[in-house]
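Presented below is the structure to which this report refers.
Each chain gets a letter, A, B and so on, in the order the sequences are listed, and its residues count up from 1. Note that this is a predicted model, so its numbers are computed, not measured.
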There are 2 protein chains.
Amino acid sequence: MNGTNEAIDTIERELTAFARRARAAAARLHPDLPLVSYTLLAHINDQRGCRATDLAAHYLLDKSTVSRQIGSLEKLGLVERRPDPDDHRVQVLHPTRAGAELLSATHASRHTAFQERLADWSEEDLTRFAAYLLRYNQAGRADQANRTGHTGHTGPADPATAA
Amino acid sequence: MNGTNEAIDTIERELTAFARRARAAAARLHPDLPLVSYTLLAHINDQRGCRATDLAAHYLLDKSTVSRQIGSLEKLGLVERRPDPDDHRVQVLHPTRAGAELLSATHASRHTAFQERLADWSEEDLTRFAAYLLRYNQAGRADQANRTGHTGHTGPADPATAA
DNA sequence: GTTATTGGTTGTAGAGTACATCCATTGATT
DNA sequence: AATCAATGGATGTACTCTACAACCAATAAC
């Protein structure tokens, strides 16, 4: 077992542990939001209008799941569906005023939490860690334009993706 | 907004996205295991015998959840409960032969998946990334001996934890 | 104009989870 | 020792998230 393999094992193990705890932690962080939805709402906000399909692709979710999530977000008055004049099948999603506000409040508290947790990290470490995460995630996105040629297995992104 | 804050935002965003996809990816990776249980089984195996409470603490799960997970692992013949002679409340968990085998097979396939995904990373980047993840997770564990003094808020680990 | 494809919803079912409650065992206090 | 608190677990119950399958509507391809 060389160093590379050990490192890979560690990455595997730690990412898994992280993912495993994430749900609980998220629930504690914003008990208000029905709270998977937070992520979707945030994505909608970032993209300034996106379609349900985009969300499904980005998060590897079934369309039915997204549909329901959007449904509850709408019921909560956090998201608005606007018909797309060009394609009457599509509905473009936008955060409502309330949605944007809730989001910014939540984001603030999340940021604070991360800040505290990462308080003793040097700026250099932070930027490097951020870069690594970006690089890692980059490979697993299903909503990417098209990665290096053989997008043959159009399927649900390579299983290696995450956990 | 300075570089530090940007980095923190990126970390926050990327970790969240990762956590969000993890479930789906995990399900694809080992469709055999009832498959949250994989994590618990792995932990049991690594620790060479542990109690249900340890699992709950480590993964921020409710004891009832762990109890049921263990239950199904046992029903599948992957885990064995052994009474602790010293404390009759406790049952020490051990992987069965079948559990250990399944685990090693699964681990192999997972390792391969990660290997592919991280194929173009230098060894230096891998070890650094691994170290960062360890450091990050370290802060969020509830099963730690006791961290720096004021373990005052004994509560369910700081909410900042993960997602 | 049929036929496929795409965006989305609804029916149904199954994990995973938490919270509250309860039981058994152990530990502490008096 | 007798009582009361704390600890390790299990069970009842209920809710969220999720997928798969079947479906409808609109667009695109022949």
Side-chain angles (χ1 to χ4, degrees), chain A residues 19-28 30-41 49-76 79 81-93 143 154-156 162-163, chain B residues 19-28 30-41 49-76 79 81-93 143 154-156 162-163:
Chain A
R20 218 60 205 65
R21 298 190 198 114
R23 164 172 308 225
R28 285 189 181 75
H30 27 50
D32 33 328
L33 258 269
L35 265 302
V36 166
S37 316
Y38 165 78
T39 317
L40 299 187
L41 181 53
C50 71
R51 302 168 311 160
T53 305
D54 300 337
L55 294 172
H58 191 75
Y59 292 110
L60 302 181
L61 294 170
D62 191 82
K63 20 178 217 166
S64 65
T65 302
V66 174
S67 174
R68 287 180 229 273
Q69 291 288 342
I70 301 301
S72 52
L73 280 175
E74 189 187 33
K75 201 174 303 171
L76 290 167
V79 145
R81 300 159 139 130
R82 300 187 194 154
D84 181 339
D86 297 347
D87 186 337
H88 286 203
R89 290 171 299 183
V90 172
Q91 49 197 30
V92 186
L93 304 169
D143 59 344
T154 315
Chain B
R20 216 62 204 65
R21 298 189 198 114
R23 165 174 304 226
R28 286 190 181 75
H30 26 51
D32 34 328
L33 258 270
L35 264 302
V36 166
S37 316
Y38 164 79
T39 317
L40 299 186
L41 182 53
C50 73
R51 303 169 309 159
T53 303
D54 301 336
L55 294 173
H58 191 74
Y59 292 110
L60 301 182
L61 293 171
D62 192 82
K63 13 178 225 172
S64 66
T65 302
V66 174
S67 175
R68 287 180 230 273
Q69 292 288 342
I70 302 300
S72 54
L73 280 174
E74 190 186 33
K75 201 173 303 170
L76 290 167
V79 145
R81 300 158 140 131
R82 298 187 195 154
D84 180 339
D86 297 346
D87 186 337
H88 289 202
R89 291 170 299 184
V90 172
Q91 49 197 30
V92 186
L93 304 170
D143 60 345
T154 315

What integer distance in Å separates [X]:[atom1] from [N]:[atom2]?
{"X": "B:Leu40", "N": "D:dG9", "atom1": "CG", "atom2": "P", "result": "13 Å"}
{"X": "B:Asp62", "N": "D:dG9", "atom1": "CG", "atom2": "P", "result": "13 Å"}
{"X": "B:Lys63", "N": "C:dC19", "atom1": "NZ", "atom2": "C1'", "result": "11 Å"}
{"X": "A:Gln91", "N": "D:dC24", "atom1": "CD", "atom2": "P", "result": "18 Å"}
{"X": "A:Arg51", "N": "C:dG8", "atom1": "CZ", "atom2": "C1'", "result": "11 Å"}
{"X": "B:Ile70", "N": "D:dT11", "atom1": "CD1", "atom2": "C1'", "result": "16 Å"}
{"X": "B:Leu55", "N": "C:dG16", "atom1": "CG", "atom2": "P", "result": "15 Å"}
{"X": "A:Leu61", "N": "D:dT16", "atom1": "CG", "atom2": "C1'", "result": "13 Å"}

Below 4.0 Å: OP1/OP2 of [N] and any side-chain N or O of [X]:
{"X": "A:Ser64", "N": "D:dT18", "answer": "no"}
{"X": "A:Gln69", "N": "D:dT18", "answer": "yes"}
{"X": "A:Thr65", "N": "D:dA19", "answer": "yes"}
{"X": "B:Ser67", "N": "D:dA10", "answer": "yes"}

Just jot down the side chain to side chain donor-acceptor pair (under 3.5 Å) partners of [X], sequence neighbours excluded, or say none.
{"X": "A:Arg68", "answer": "none"}
{"X": "B:Ser37", "answer": "B:Gln69"}
{"X": "B:Ser64", "answer": "B:Asp62"}
{"X": "B:Asp84", "answer": "none"}

Could I get the full list of side-chain contact (heavy atoms from CB on, under 4.5 Å) partners for A:Ser67, not counting sequence neighbours?
->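 A:Ser67 satisfies side-chain contact (heavy atoms from CB on, under 4.5 Å) with no residue once adjacent residues are dropped.
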
Please list, chain by chain and in numerical order, all residues satisfying side-chain contact (heavy atoms from CB on, under 4.5 Å) with A:Ile70, sequence neighbours excluded.
->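 Testing A:Ile70 for side-chain contact (heavy atoms from CB on, under 4.5 Å), a comparison that skips the adjacent residues, returns A:Ile44, A:Leu55, A:Val66, A:Val79, A:Arg81, A:Leu93.
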
What pairs of nitrogen or oxygen atoms, one from the protein and one from nucleotides 12-14 of chain C, lie under 3.5 Å apart?
| residue | atom | partner | partner atom | Å |
| --- | --- | --- | --- | --- |
| C:dT12 | O4 | A:Arg68 | NH2 | 3.1 |

Should B:Arg21 and A:Leu61 count as side-chain neighbours, where that means a heavy-atom distance under 4.5 Å?
->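 Not touching, per the 4.5 Å side-chain cut-off.
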
Would a 4.5 Å heavy-atom cut-off, applied to side chains only, mark A:Leu41 and A:Thr39 as touching?
->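 Side chain of A:Leu41 against side chain of A:Thr39, heavy atoms only: no contact under 4.5 Å found.
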
Starting at the 5' end of DNA chain D, which residue's closest nucleotide do you reach first, B:Ala24 or B:Arg81?
->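 The 5'-side residue here is B:Arg81.
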
So which protein nitrogen or oxygen atoms get under 3.5 Å of nucleotides 25-30 of chain D's nitrogens or oxygens?
| residue | atom | partner | partner atom | Å |
| --- | --- | --- | --- | --- |
| D:dT27 | OP1 | A:His88 | N | 2.8 |

If you measure from CG on B:Leu40 to CG on B:Asp54, what distance do you get to the nearest 0.5 Å?
->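 CG of B:Asp54 is found 11.5 Å from CG of B:Leu40.
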
Between A:Arg20 and A:Val66, which has a closest nucleotide on DNA chain C that is more 5'?
->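 Result of the comparison: A:Val66.
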
